Structure formats: structure tokens, C-alpha cells
Amino acid sequence: MATPAAAKKQQELQLQYTNYKNTLQQLAQKIGDVEQEAEEHKLVLETLAPVPEDRKCFRLINGILVERTVADVIPALKTNAEGLKSVLEGLVKEYKKKQEEMDKWKTKNNVQVVNQ
């Protein structure tokens, strides 16, 4: 039977492992959300590309639908799309860093994952 100290150490390791997994899962969710939003921006830009610049279009800004022209909307969409791209790159780097940190932690503590 395991000693109380060993049982406590095992609980701490399980808690740390769960924290790592939850953090990675949250990052993956954020990455998916940003990818979806970036794809929507790309789709809208592709749709507006052949449209005359003086044509009116509508844009949702902070929950308010505003009327603009295509010429007004396209630069803002491009800026937003570029911002989303940089955010996505940052999230992917953070995910990889956290994954490497978890792998090092698993090696250091000799943790082996048992699938349930």
C-alpha cells in the first residue's frame, strides 16, 4: 500500500496534469474560434471583391447594424483579418510552448498517461 506522502505526491501530479490538459484544451478552443472568425472575414472579402465600391453594404459594429459603402468596409475588414491572423499565430505559439512545457514536466516527473 502506498504511503500517505506518495499518495499526496500522486494527487499533486494528477492535479498538475489536469491543469495542463485544461489549459491546452482552452487554447485549442480559442484557436478554433479565431480560425473560424478569420475564415468568415476571408469569405466576406472574397464576396465583396467583385462588387462596385460605391454599392452600399451593411456591417455589424458592436451589435449595431450600420450602412456603409463597400469602399469603406473593405479596408476595415482587411485590417481585422490581419489582426486575427497575428492573434492566431500568437495563440499557436502559446499552445506549442505549453505543450512542450507539459512534455518536459511529464519527462521530469516520469509521468505516464494511462488512457481510461
Side-chain angles (χ1 to χ4, degrees):
M1 187 167 193
T3 64
K8 184 171 181 166
K9 172 82 171 160
Q10 185 177 357
Q11 277 185 328
E12 288 175 5
L13 290 175
Q14 285 176 332
L15 183 62
Q16 287 176 323
Y17 178 78
T18 303
N19 287 340
Y20 275 120
K21 290 302 278 185
N22 288 342
T23 302
L24 287 173
Q25 190 174 16
Q26 289 171 350
L27 283 170
Q29 180 66 40
K30 287 179 189 175
I31 289 170
D33 292 345
V34 172
E35 282 178 338
Q36 182 178 358
E37 198 166 331
E39 190 62 34
E40 289 173 3
H41 276 69
K42 179 182 167 196
L43 182 63
V44 171
L45 283 169
E46 289 173 358
T47 303
L48 290 178
V51 176
E53 289 190 348
D54 60 342
R55 183 172 171 180
K56 74 176 171 180
C57 64
F58 295 90
R59 182 169 180 222
L60 193 64
I61 301 175
N62 294 329
I64 299 170
L65 197 61
V66 294
E67 183 178 331
R68 299 276 190 247
T69 64
V70 172
D72 295 334
V73 171
I74 287 181
L77 283 174
K78 286 182 179 177
T79 302
N80 286 355
E82 291 169 6
L84 287 171
K85 183 179 177 184
S86 65
V87 167
L88 183 60
E89 290 170 358
L91 285 172
V92 168
K93 284 180 185 175
E94 188 178 344
Y95 184 90
K96 287 179 181 178
K97 179 181 168 190
K98 193 55 113 171
Q99 182 69 47
E100 289 173 7
E101 185 181 316
M102 181 179 166
D103 291 341
K104 287 179 185 176
W105 174 85
K106 283 168 51 175
T107 303
K108 177 185 169 197
N109 292 293
N110 197 23
V111 174
Q112 295 177 351
V113 179
V114 178
N115 292 335
Q116 295 175 343

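Just so you know, these numbers come straight off a predicted model, no measurement behind them.
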How close do Tyr95 and Leu24 get, counting heavy atoms only, and between which atoms?
CE1-O, 3.3 Å
All N/O donor-acceptor pairs, side-chain side in residues 29-51, below 3.5 Å, sequence neighbours left out:
residue	atom	partner	partner atom	Å
Gln29	NE2	Asp33	OD1	3.1
His41	ND1	Glu37	O	3.0
Thr47	OG1	Leu43	O	2.8

Pairs satisfying salt bridge (Lys or Arg N to Asp or Glu O under 4.0 Å), at least one member in residues 91-102, at least two apart
Lys98-Glu101
Begin with the C-alpha distance, continue with both residues' side-chain angles, and end with the deciding distance and a verdict on side-chain contact (heavy atoms from CB on, under 4.5 Å) for Leu88 and Leu84.
CA-CA 6 Å; Leu88 183 60; Leu84 287 171; over 6 Å; no
Separation between CD (Gln99) and CG (Leu27), nearest 0.5 Å, reads 10.5 Å
From Asn109 CG over to Glu12 CD, what is the distance, rounded to the nearest 0.5 angstrom?
10.0 Å
Indicate every side-chain donor-acceptor pair of residues 64-83 with a distance under 3.5 Å to a residue at least two apart or in another chain.
residue	atom	partner	partner atom	Å
Thr69	OG1	Asp72	N	3.3
Thr69	OG1	Asp72	OD2	3.1
Thr79	OG1	Pro75	O	2.9

In terms of hydrophobic clustering (I, L, V, M, F, W, Y; side-chain heavy atoms under 4.5 Å; direct or indirect links), are Phe58 and Leu60 co-clustered?
yes
Supply the atom-to-atom distance Thr3 OG1 to Lys8 NZ, rounded to the nearest 0.5 angstrom.
12.0 Å
When the ring planes of Tyr20 and Trp105 are compared, do they come out parallel, tilted or perpendicular, using 30° and 60° as the limits?
tilted
